[in-house]
Chemist: 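Following this message is one structure expressed as structure tokens.
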Amino acid sequence: MAPGLRFPPAFALLHLAVTLLAVLPRHVVPDLAGDRDALLALRAAVGNHLKWDQSVSPCQGWQGVSCSPSPNQRVVELRLVAKSLSGQIPVGTVGNLTALQTLSLRFNAISGPIPADIGGCTQLRWLYLKGNRFEGDIPESFFSLALLKKTDLSENRLTGGVSSEFNKLRNLATLNLEGNNLNGALPSGLDLPKLTQFNVSYNGQIDGPVPASLPGLPASAFLGTALCGGPLAACPNSDSEAHKSRKLTLGVIVGIIIAALVVLIIILSICVLIFSRRRRAAAGRSTEAAADVHEGTEPITVTVAMTGRDAVKRSHSPPGSPLIGDGKKLVFLGSAPERPYDLETMLRASAEVLGKGVHGTTYRATLDGGEPVLAIKRLRDVHLPEREFRDRVVALGALRHDNLPGLRAYFYSKEEKLLVFDFVGAGSLSSLLHGSSFDHTHLSFAFFRPRVHGRHV
Ligand SMILES: *[C@@H]1O[C@H](CO)[C@@H](O)[C@H](O)[C@H]1NC(C)=O
Ligand SMILES: *[C@@H]1O[C@H](CO)[C@@H](O)[C@H](O)[C@H]1NC(C)=O
């Protein structure tokens with residue numbers, strides 16, 4: 001057992017107290033001596049040139065230092081404005097000035113972060129760090145400085161966002177953050193009931209809307225930022241709204257495209273319908289025309305030959321053929337010839353002029369192979385509508401007369417009208433077709449002159 005047990009109890013207690021005092025750190029209870037050490041450490045870090053007389057108390061004339069009154073004197077103010085301070089403020093210096101109410105280090109060249117133990121200055125009310133080179137985030141402990149009234153951190157190089165933890169500083173009336181590199185949105189619920197001055201100007205990366213909880217601030221509080229709303233220009237649609245409107249726009253575009261397609265399909269359908277109807281109608285008309293021909297010309301049948309090779313084949317097609325009414329055609333009266341020919345064949349045939357008459361020129365044409373031999377009358381100045389022309393040709397074809405060669409076919413187009421006869425001996429044909437006698441018989445080609453006042457001219 002320890003010999004101390006033999007001491008009387010009172011002596012033992014005293015011994016314990018003395019021992020405790022000896023082992024406890026000197027600054028467990030903060031005092032002016034601790035403030036002094038903190039100040040000297042600060043000076044060593046950022047302002048060796050400061051002339052602080054260490055032979056006296058900091059409260060006795062150290063430049064920029066103010067103390068609370070005796071007996072429990074503490075350093076309550078440190079103002080070192082524009083004192084060419086430079087370097088970083090270490091922890092355990094300013095943070096040890098636990099009675100400090102005012103810290104002003106404006107317009108120096110202090111760099112590095114705001115000391116992480118700034119929260120140790122629990123009595124701090126006025127904090128001015130403007131115009132230095134403080135960098136990095138505002139330290140977490142800063143937001144425990146619940147008594148802060150004015151905070152000016154402007155014109156530094158602070159980064160990070162404007163934390164909603166500012167809301168912990170319920171007494172804050174002035175918050176100057178302008179001229180830093182802060183970024184992001186201002187907390188939408190920023191709620192500082194005593195705030196009268198607020199400035200985040202010239203933090204180019206601060207964006208988003210001005211919180212509605214910061215009413216009545218001038219636009220000059222938000223210069224040089226990407227903020228919007230409030231005193232500034234209205235915000236574009238918020239993200240979700242923008243997304244919605246983009247979606248809407250896309251929807252509208254898709255709608256327009258679909259509508260356009262539907263309209264196009266409808267138009268195409270209508271076109272197809274109209275086209276097919278017209279074709280049907282045309283086919284109907286052709287049939288009608290063919291029927292007409294049939295009706296009016298019995299017992300004569302009419303066969304049509306188109307120009308071209310295919311047309312020769314078609315010339316065999318029955319009168320109902322839709323080819324009737326088409327452009328160039330050779331219309332046969334009666335049965336088609338044994339060796340069918342068409343206009344082209346006819347025009348290619350070797351021909352000689354038989355004679356010229358008042359109503360046109362007559363040719364003798366020998367088709368390829370020598371058979372048949374035709375007489376072709378090319379009518380001049382005959383201006384009859386096709387239907388009437390046809391009627392008259394049919395009427396003429398129906399006539400049987402010894403002196404009249406058989407009328408085999410005719411051709412009608414706007415420019416050209418041809419009558420095709422069997423060739424019956426040069427003499428008679430010549431006299432018949434272009435001789436004066438022919439012209440003045442009742443079989444005259446005056447037949448083909450237009451009717452005037454209902455009679456033949
Ligand atoms: C600041 O306070 C801490 C803890 O009380 C102490 O350890 C440190 O030495 C103090 N700093 C100075 C410079 O005295
Ligand atoms: C905010 O700070 C900028 C830059 O210093 C200044 O121009 C502006 O007037 C200030 N606005 C307010 C409301 O303090």
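As the structure is a prediction and not an experimental result, all values here were calculated from the model. In listed order, ligands and their atoms are each counted from 1. For the single chain, residues carry numbers from 1 onward in sequence order.
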Chemist: As a test of understanding, state which of Leu129, Asn132, Asn156 forms a side chain to side chain contact (heavy atoms under 4.5 Å, CB included) with Ile110.
Modeler: Asn132
Chemist: Distance under 4.0 Å to a non-hydrogen atom of Asn96: what atoms of ligand 1 satisfy this?
Modeler: 1 (C), 2 (O), 3 (C), 8 (C), 10 (C), 11 (N), 12 (C), 14 (O)
Chemist: Please confirm whether Ser220 comes within less than 3.5 Å of ligand 2 when only nitrogen or oxygen atoms on both sides are compared.
Modeler: yes
Chemist: Provide the number and element of each atom of ligand 1 under 4.0 Å from a heavy atom of Ala41.
Modeler: 13 (C)
Chemist: If the condition is salt bridge (Lys or Arg N to Asp or Glu O under 4.0 Å), which residues does Arg79 pass it with, not counting sequence neighbours?
Modeler: Glu77
Chemist: Considering only distance and modelled atom types, tabulate donor-acceptor pairs under 3.5 Å from the side chains of residues 212-228, sequence neighbours left out.
Modeler:
residue	atom	partner	partner atom	Å
Ser213	OG	Ser188	O	3.3
Ser213	OG	Leu190	N	3.3
Ser213	OG	Leu190	O	2.4
Thr225	OG1	Phe222	O	2.8
Thr225	OG1	Leu227	N	3.2

Chemist: What atoms of ligand 2 come within less than 4.0 Å of a heavy atom belonging to Pro218?
Modeler: 13 (C)
Chemist: Report the part of Ser201 (side chain from C-beta onward, or backbone N, CA, C, O) that has a heavy atom under 4.0 Å from ligand 2; answer both or neither where that applies.
Modeler: side chain
Chemist: Can you tell which of Ile270, Val263, Leu264 makes a side chain to side chain contact (heavy atoms under 4.5 Å, CB included) with Ile267?
Modeler: Val263
Chemist: For the residue pair Glu155 and Phe107, establish whether any side-chain heavy-atom pair is separated by less than 4.5 Å.
Modeler: no
Chemist: Go through ligand 2 atom by atom and flag the ones less than 4.0 Å from a non-hydrogen atom of Tyr202.
Modeler: 4 (C)
Chemist: Give yes or no for whether the N/O distance cutoff of 3.5 Å, strictly under, is met between Asp37 and ligand 1.
Modeler: no
Chemist: What residue and atom, counting heavy atoms only, is the protein's closest point to atom 5 (O) of ligand 2, and at what distance?
Modeler: Glu178 CG, 4.0 Å
Chemist: Decide yes or no for Lys130 and Val81: does some side-chain heavy atom of the first lie under 4.5 Å from some side-chain heavy atom of the second?
Modeler: no
Chemist: Considering only heavy atoms from C-beta outward, does the side chain of Arg390 approach that of Tyr410 to under 4.5 Å?
Modeler: yes
Chemist: Got an N/O contact under 3.5 Å between Gly34 and ligand 1?
Modeler: no
Chemist: Any idea which protein heavy atom is nearest atom 6 (C) of ligand 2, and the distance to it?
Modeler: Asn199 ND2, 4.2 Å
Chemist: Give the residue and atom name of whichever protein heavy atom lies nearest to atom 7 (O) of ligand 2, and the separation in Å to one decimal.
Modeler: Leu223 CD1, 3.8 Å
Chemist: Which atom names give the shortest non-hydrogen contact between Leu182 and Ile206, and what distance separates them?
Modeler: O-CG1, 3.5 Å
